[in-house]
Amino acid sequence: MQAAEEQVPLADPSGAESGSRKPGAAGPQDKASADGQPARLTESELNHRIGMDHDFHREEKVLPPSSLEGQAKETMHDAFWGHLKEQLSAVPPDFSCALELLKEIKEILLSLLSPRQSRLRHEVEEALAADRLQQEAARGDLDIPRLSTGILSMMTLLCAPVRDAAVQKLDGITDSTLLLRGIFQVLGLMKTDMRNYTLQSLQPHLREHSIQQERAQFQERLSRQPGLLDHIAKWLNRAATDLRPAPGPGPGPGPDAPASSAAGPAPSEAASGPEPLSPAMVLSQAFLNLLLWDPEDQEFPETLLADRARLRELEAQLRRLTVLASVLLVAGSSSGSVLFGSPQFVDRLKRTTHALTEHFDSRPEEAMLAVSEQVSQEIQQSLKSMGLAALSSDSTAFLMGQLQDIAHAQNCVRSVVDQRIHLFLKCCLVLGVQRSLMDLPGGLTLIEAELAELGQRFVNITHHNQQVFGPYYTEILKTLIPPGQAPQAGVESL
């Protein structure tokens, strides 16, 4: 029988030979085949997934008790443990199932030990030696409580600190069946913990290997198809063009130019001139441009094709956040700061807006009509419950009109919010997510948690891509940014 009732992972055990323990450690959609089973990944896809996976922590699947599968599993477990209880309660007791369980407990404990923990390995082998347990069972004096005490002592040494309480709780169980069941449950958690610890320990090596493999595979394709870099060069060149200042108006100001313009630039501005382009600036702009990519444009950079679906998801998430922040800004300007000082009210508006804008991309007017009706109703009810004056009919109509106008891409509030979210994402690429959150552009503080998730996903994609393909970007950027124009730390800093 497999270890019963494995439910939740925990952090890994440690080298318990010396009594020390390691502290607890606390992506893209899988492709599926026609029959609903996960499809086999190619080597390139597998390497990319390993490199992109920033959370190697895995949890056992917990089936909902109400599900058919969950009920069937629980029934099977209850039947097994009930059968064990009958065997142990028989006169004389039947230890056949108990011996199998003790054998599996021994195997699990041994699997949790590292090669250098030879003393503990010897203790487990000796305490749960199969021949001796068989002899004790044949005589009818197999002492399960005594054996369980030794097993719990071993588990105390091997488990992560987060599981100490669970092991101590088992120490107070006197019923042999319940005790063995509890031991299996905690051992199942410890096995999951060991897997997570092992994966996390290997994570840097796996990621570095995946980066090298992805780059080698691309280089192999490039040697057969030199034109693979063409779209990449166009993509980077477009970003550099976006960042270059627009050409001047001509030899002199026109007759209607303001006085300040006629006087020319300020001395400090003339002395410093526009900030020179850097490879990092161009690459950041290029990554941002991917979130505005025209689906009809077939010149998508080859180095990002594996992430195109992820980028589309981020683009959709960005649009939803733009609408959400716009709704909160408009609603806040109409209802005042009292309501928006309540986190519960803001969370309620967020949930309402999220639910009603699920199909915003296909039916924006219909979605925003529903949002305007529901949000205005929420505001009126909240004002009433707080003993504040309700909005007048004119104010309500104005609020609803403002909310419904968010359906249009040219809406001024929506345009400003969109620009500010893009600015935030640009800061994330340069400064990192946490530092960017410390100085959010105005109007975005109410969606800080959502922006943090968006920013981290975007940074993960771009960081891994730059690690793999940075050498190719560097060579192309050298041709786009003249050496005299680039900052001193320019191209080599990529």
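Along the sequence shown, residues carry numbers from 1. For clarity, every value in this text was computed on a predicted model and none was experimentally measured.
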Contact between [X] and [Y] at the side-chain level, heavy atoms closer than 4.5 Å - yes or no?
X	Y	answer
Gln466	Phe287	yes
Tyr473	Thr303	yes
Phe95	Gln134	no
Asp439	Phe424	no
Val167	Ile183	no
Leu440	Leu437	yes
His122	Glu126	yes
Leu180	Trp81	yes

Is [X] salt-bridged to [Y], cutoff N-O under 4.0 Å?
X	Y	result
Glu123	Arg119	yes
Arg146	Glu136	yes
Lys85	Asp78	no
Arg221	Glu302	yes

Using only heavy-atom distances, determine whether the side chains of [X] and [Y] contain a donor-acceptor pair under 3.5 Å.
X	Y	answer
Thr352	Gln374	no
His83	Gln87	yes
Ser342	Arg348	no
Asp131	Gln135	no
Arg457	Gln317	yes
Gln213	Ser210	no
Gln456	Asn460	yes
Glu214	His464	yes
Gln377	Glu373	no

Measuring from atom [atom1] of [X] to atom [atom2] of [Y], what distance do you get when rounded to the nearest 0.5 angstrom?
X	Y	atom1	atom2	result
Trp293	Phe300	CH2	CZ	6.5 Å
Phe340	Ser334	CZ	OG	9.0 Å
Leu314	Glu453	CG	CD	9.5 Å
Leu113	Leu158	CG	CG	5.5 Å
Leu147	Ile105	CG	CD1	9.0 Å
Ile232	Leu304	CD1	CG	8.0 Å

Measure from the side-chain N and O atoms of [X] to the backbone N and O of [Y], and report whether any donor-acceptor pair falls under 3.5 Å.
X	Y	answer
Ser362	His359	yes
Arg215	Val468	yes
Thr462	Val459	yes
Arg121	Pro115	no
Ser372	Leu369	yes
Arg163	Val186	no

A quick test of your reading: do over 12 heavy atoms of other residues, nucleotides or ligands sit less than 6.0 Å from [atom1] of [X]?
X	atom1	answer
Gln212	CD	yes
Asp143	CG	yes
Arg435	CZ	no

For [X] versus [Y], what's the shortest heavy-atom pair and its separation?
X	Y	result
Cys428	Ser436	N-OG, 3.2 Å
Leu321	Ile447	O-CD1, 4.0 Å
Leu128	Lys106	O-CD, 3.4 Å
Asp164	Cys159	OD1-SG, 3.2 Å
Gln117	Leu112	OE1-O, 4.2 Å
Ala452	Val433	O-CG1, 4.0 Å

- Residue that, paired with Leu446, satisfies side chain to side chain contact (heavy atoms under 4.5 Å, CB included) out of Leu451, Leu349, Leu328, Leu329: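 Passing option: Leu328.
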| request: Not counting sequence neighbours, which residues clear ring pair (Phe, Tyr, Trp, His ring centres under 6.0 Å) with Phe360? List them please. | output: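 Phe360: no ring pair (Phe, Tyr, Trp, His ring centres under 6.0 Å) contacts found.
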- Task: Verify side-chain contact (heavy atoms from CB on, under 4.5 Å) between Leu110 and Glu125, making sure each step is shown before the conclusion.
- Result: CA-CA 8 Å; Leu110 291 175; Glu125 293 277 10; 3.6 Å; yes
Q) Of Arg312, Arg319, Arg320, which meets salt bridge (charged side-chain N to carboxylate O under 4.0 Å, His left out) against Asp361? A)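 Of all the options given, the one that passes is Arg319.
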Kindly indicate, with the supporting measurements, whether the criterion side-chain contact (heavy atoms from CB on, under 4.5 Å) is fulfilled by Met368 and Val323.
CA-CA 9 Å; Met368 293 314 302; Val323 172; 4.0 Å; yes
- Worked check of side-chain contact (heavy atoms from CB on, under 4.5 Å) between Phe80 and Leu101: CA-CA 11 Å; Phe80 173 82; Leu101 291 175; 3.8 Å; yes
(message) Go through it in stages, so that I can follow the logic: the residues are Ile173 and Arg181, the test is side-chain contact (heavy atoms from CB on, under 4.5 Å), and I'd like the CA-CA distance, side-chain angles, deciding distance and then a yes or no.
(response) CA-CA 11 Å; Ile173 299 176; Arg181 187 170 188 170; over 6 Å; no
